[in-house]
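Reckoned from all heavy atoms, side chains included, excluding hydrogens, waters and symmetry mates. Chain naming here is simple, since letters A, B, ... match the order of the sequence lines and numbering starts at 1 in each.
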There are 2 protein chains.
Amino acid sequence: MRKRRSLAMNLDAVAQKAGVSTSTVSRVLNNLEIVKTSTRSRVLKAAEELNYHPNLHARSLARGKSRILGIIVSNMENPFFLDIYRTLESDAHAQGLEVVVANTDYRSEQLLASVQLMIGLRVAGLAAIVSEMEEHLIQTVAGSRIPAAFYDVGTPQKNITNIRVDYRKGIKKTVSYLSALGHRRMAFIGHHSTLGPISERRKTFLESVHRCSPSAEAKIFAGPDGLDGGRQAARELLESGFRPTAILCVNDFMAVGVMRELREEGLQIPRDVSVTGFDNIKLAEFCSPPLTTVHIPREQIGHIIFDNVFGDGRAEHDTGREIVIDPELVVRDSTGIAAKS
Amino acid sequence: MRKRRSLAMNLDAVAQKAGVSTSTVSRVLNNLEIVKTSTRSRVLKAAEELNYHPNLHARSLARGKSRILGIIVSNMENPFFLDIYRTLESDAHAQGLEVVVANTDYRSEQLLASVQLMIGLRVAGLAAIVSEMEEHLIQTVAGSRIPAAFYDVGTPQKNITNIRVDYRKGIKKTVSYLSALGHRRMAFIGHHSTLGPISERRKTFLESVHRCSPSAEAKIFAGPDGLDGGRQAARELLESGFRPTAILCVNDFMAVGVMRELREEGLQIPRDVSVTGFDNIKLAEFCSPPLTTVHIPREQIGHIIFDNVFGDGRAEHDTGREIVIDPELVVRDSTGIAAKS
DNA sequence: GTCTGCGATGCAAGCGTTTGCAGAAATCGC
DNA sequence: GCGATTTCTGCAAACGCTTGCATCGCAGAC
């Protein structure tokens with residue numbers, strides 16, 4: 001016999017103290033109704049006194065499955081990911097599921113580690129809401145037979161749901177709206193991500209502007225993501241000499257950074273220049289002026305994902321699913337009629 | 001024999017495919033050096049081909065411990081918690097530890113569940129950064145023998161580190177600063193938490209104001225936490241008829257909400273009223289006007305916690321530790337000389 | 001040629017649960 | 001009061017891994 005590793009804090013200890021077998025203890029703790037009330041309370045008392053907590057690893061192992069929902073996100077600071085995560089978490093808790101989250105920080109090495117972790121944990125379902133998902137990882141997940149949902153990747157698979165937001169539509173709506181206000185010189189400010197979805201947005205922007213008004217001017221700028229990045233990109237825009245009457249930003253944080261820089265330059269919003277964002281985070285409502293932006297229904301996305309991984313939508317689907325979300329324009333005070341040029 | 005539950009995706013499968021025993025496979029996958037190179041590569045090939053991922057539950061069970069750091073926070077949306085979490089996570093990953101996070105949403109029922117989860121997972125260390133920690137839960141954790149760090153609770157224990165920020169000092173510094181600017185009518189805006197730390201802050205505020213100037217007026221208001229809550233509290237303040245020349249807010253989010261409401265009322269900041277926050281979140285720098293606030297070194301806190309749970313500070317300490325952090329005032333544009341009354 | 005030493009591998013117990021099955025105890029019918 | 005149920009409880013195998021110890025094969029020493 002090998003030596004004991006630590007103080008005995010297992011079913012056996014409780015069983016001995018209560019004078020029953022481990023099976024009975026197990027049944028009590030799992031609320032199986034076949035245990036006599038007197039035995040039951042004796043066991044509960046023993047467990048309580050020993051400060052016993054079941055070993056979840058052993059439980060998962062014995063049961064052959066866990067009650068854990070795995071969530072992988074790129075970046076918790078980004079309200080887009082955060083809100084989806086929070087919705088998933090609350091849905092999961094409502095069903096008595098535990099949640100394990102991993103952050104990738106946009107790093108594919110970290111993404112790989114996270115996927116391995118989730119598979120290793122034999123999670124009951126996996127939601128990967130990351131902007132950097134890679135094809136071979138999708139295959140890995142598919143091979144693991146874990147029901148999963150991915151965000152914004154191109155290839156639905158067996159047991160895998162793919163959900164995405166129709167950013168093209170959001171951009172088109174914004175450009176049409178600005179165009180109707182008379183804007184003919186517009187800029188798009190993105191961030192340095194060269195990944196699929198973003199550069200598609202840039203393309204869509206250019207196309208939309210030219211469709212609304214063939215003579216209109218459109219330019220693209222970029223900086224790092226976030227408040228600072230927006231500011232930096234705005235700086236570059238100003239230094240380039242280009243003077244748009246409207247600036248579309250790829251997300252709200254960047255838009256707020258942009259507005260700050262413009263204000264410092266002495267420009268008034270929206271009198272001198274209109275600014276729009278994307279996502280409709282809380283801050284968009286509270287910055288000054290309140291930001292016109294495209295609303296991404298993050299809670300709805302979270303619920304849909306949950307439903308597809310655990311809920312009614314969980315049924316095996318061989319072909320995979322693709323769900324597309326339509327975003328809406330939310331008009332606030334950061335946009336107005338185009339300044340005379 | 002019981003029936004197999006799922007497709008055999010275990011060490012045995014790999015072992016058979018590679019024509020070796022499970023022990024050998026285990027040794028290969030754990031990088032023990034005693035395996036012959038040829039065997040080693042055969043095993044790796046087999047594992048690769050089977051798309052094998054070790055079952056972490058079984059591993060933890062067999063090893064008698066996990067390589068997981070458990071983190072519990074009140075609310076990921078709050079940059080205070082988020083930043084500490086992120087620091088902890090990156091420290092953990094740097095050491096090859098996995099991380100499991102749980103959100104309590106300020107709900108003690110959810111906190112209990114989270115603590116149970118962490119103990120059940122037999123995490124190698126636990127950091128609980130929650131504002132609602134309860135004494136009996138501390139006892140529970142202490143009883144579990146898991147090295148832990150708590151934030152801002154009063155009773156250090158064996159194997160438990162307690163870290164807290166000296167909010168009193170932060171408040172005193174702010175009040176002194178405002179007092180020196182001539183402010184004699186001040187308000188403090190907190191949120192509805194009636195828990196220890198917060199109400200201590202209120203008390204400290206009142207004392208500080210009276211110490212600086214015995215004739216000064218000081219009042220306290222409160223709303224729910226967050227941007228909306230700040231706005232609501234400011235509304236109440238305005239309706240009360242009290243007209244402070246300076247308003248201290250319990251955190252930056254509330255301060256931004258407050259400023260928004262004041263601005264809507266036609267008040268100018270800081271000409272008519274000065275506003276300060278607490279935490280020094282990114283937004284404090286980007287709101288308008290940029291917010292004077294008290295800086296809480298969240299990264300430093302994260303590192304200290306990690307070090308005490310896993311690093312050099314990890315050594316058993318029977319008496320418990322208490323670490324106190326000193327906050328600094330960061331002056332920006334939301335504060336100025338007191339308006340003439 | 002036997003022995004020793006050693007590197008590489010396998011054997012099997014053990015980690016803390018769950019759970020099918022069997023057996024014991026309590027209850028019931030008559 | 002005795003068998004037939006119905007409850008309740010215990011036994012032991014299984015979950016997938018790690019790891020101390022035993023074993024095996026082979027090289028070098030004598």
*Return the set of residues passing salt bridge (charged side-chain N to carboxylate O under 4.0 Å, His left out) with A:Arg86 (not counting sequence neighbours), or none when no residue passes.*
B:Glu77, B:Asp105

*What integer distance in Å separates B:Lys65:NZ from D:dT19:P?*
8 Å

*Taking everything shown except A:Gln116 itself, do over 12 heavy atoms lie less than 6.0 Å from its CD?*
yes

_side chain to side chain contact (heavy atoms under 4.5 Å, CB included) evaluation trace for A:Tyr106 with A:Asn78_ = CA-CA 11 Å; A:Tyr106 300 110; A:Asn78 187 323; 3.8 Å; yes

*Nearest-Å distance, CG (B:Leu56) to C1' (C:dC15)?*
15 Å

*Given atom CG of B:Asn10 and atom C1' of D:dG16, what is their separation to the nearest angstrom?*
6 Å

*Within this structure, what is the CG-to-P distance between B:Leu32 and D:dC21, rounded to whole angstrom?*
16 Å

*Which part of the nucleic acid does A:Asp12 contact within heavy-atom distance under 4.0 Å: base, sugar-phosphate only, or nothing?*
nothing

*Side chain proximity check, B:Phe150 to B:Arg164, heavy atoms < 4.5 angstrom*: no

*Protein-nucleotide distance (B:Leu11, atom CG; D:dA14, atom C1'), rounded to Å*: 16 Å

*Shortest side-chain distance from B:Arg122, nucleotide among C:dT18, C:dT17, D:dG16*: C:dT17

*Carefully, step by step, assess A:Asp91 and A:Phe310 under the rule side chain to side chain contact (heavy atoms under 4.5 Å, CB included).*
CA-CA 10 Å; A:Asp91 283 2; A:Phe310 280 108; over 6 Å; no

_Spacing between B:Gln16 atom CD and C:dT9 atom P, to the nearest angstrom_ = 18 Å

Can you give me the N/O atom pairs linking the protein to nucleotides 5-11 of chain D at distances under 3.5 Å, or say none if there are none?
from   : atom 1 : to      : atom 2 : distance (Å)
D:dT9  : OP1    : A:Thr39 : OG1    : 2.3
D:dT9  : OP2    : A:Lys36 : N      : 2.9
D:dG10 : OP2    : A:Ser21 : N      : 2.9
D:dG10 : OP2    : A:Ser21 : OG     : 3.0
D:dG10 : OP2    : A:Thr24 : OG1    : 2.6
D:dG10 : N7     : A:Arg27 : NH2    : 2.6
D:dG10 : O6     : A:Arg27 : NH1    : 3.3
D:dG10 : O6     : A:Arg27 : NH2    : 3.0
D:dC11 : N4     : A:Ser23 : OG     : 2.8

*For A:Thr87, enumerate each residue passing the side-chain hydrogen bond (donor to acceptor under 3.5 Å, both in side chains) test, keeping only those at least two apart in sequence or located in another chain.*
none

*What ring pair (Phe, Tyr, Trp, His ring centres under 6.0 Å) pairs are there with at least one residue in residues 55-76 of chain A, not counting sequence neighbours?*
A:His57-B:His57

*Please list residues of residues 47-54 of chain B whose heavy atoms come under 4.0 Å from any atom in DNA chain D, ordered by number; otherwise none.*
B:Tyr52, B:Pro54

*I would like to know whether B:Tyr151 and B:Phe80 meet ring-ring contact (aromatic ring centres under 6.0 Å, His included); could you show each step before the answer?*
CA-CA 12 Å; B:Tyr151 178 75; B:Phe80 175 80; 5.2 Å; yes

*salt bridge (charged side-chain N to carboxylate O under 4.0 Å, His left out) partners of residues 41-53 of chain B, not counting sequence neighbours, each pair once*: B:Lys17-B:Glu49, B:Lys45-B:Glu49

*So, is B:Asn55 near the phosphate of D:dG16, with a side-chain N or O under 4.0 Å from OP1 or OP2?*
no

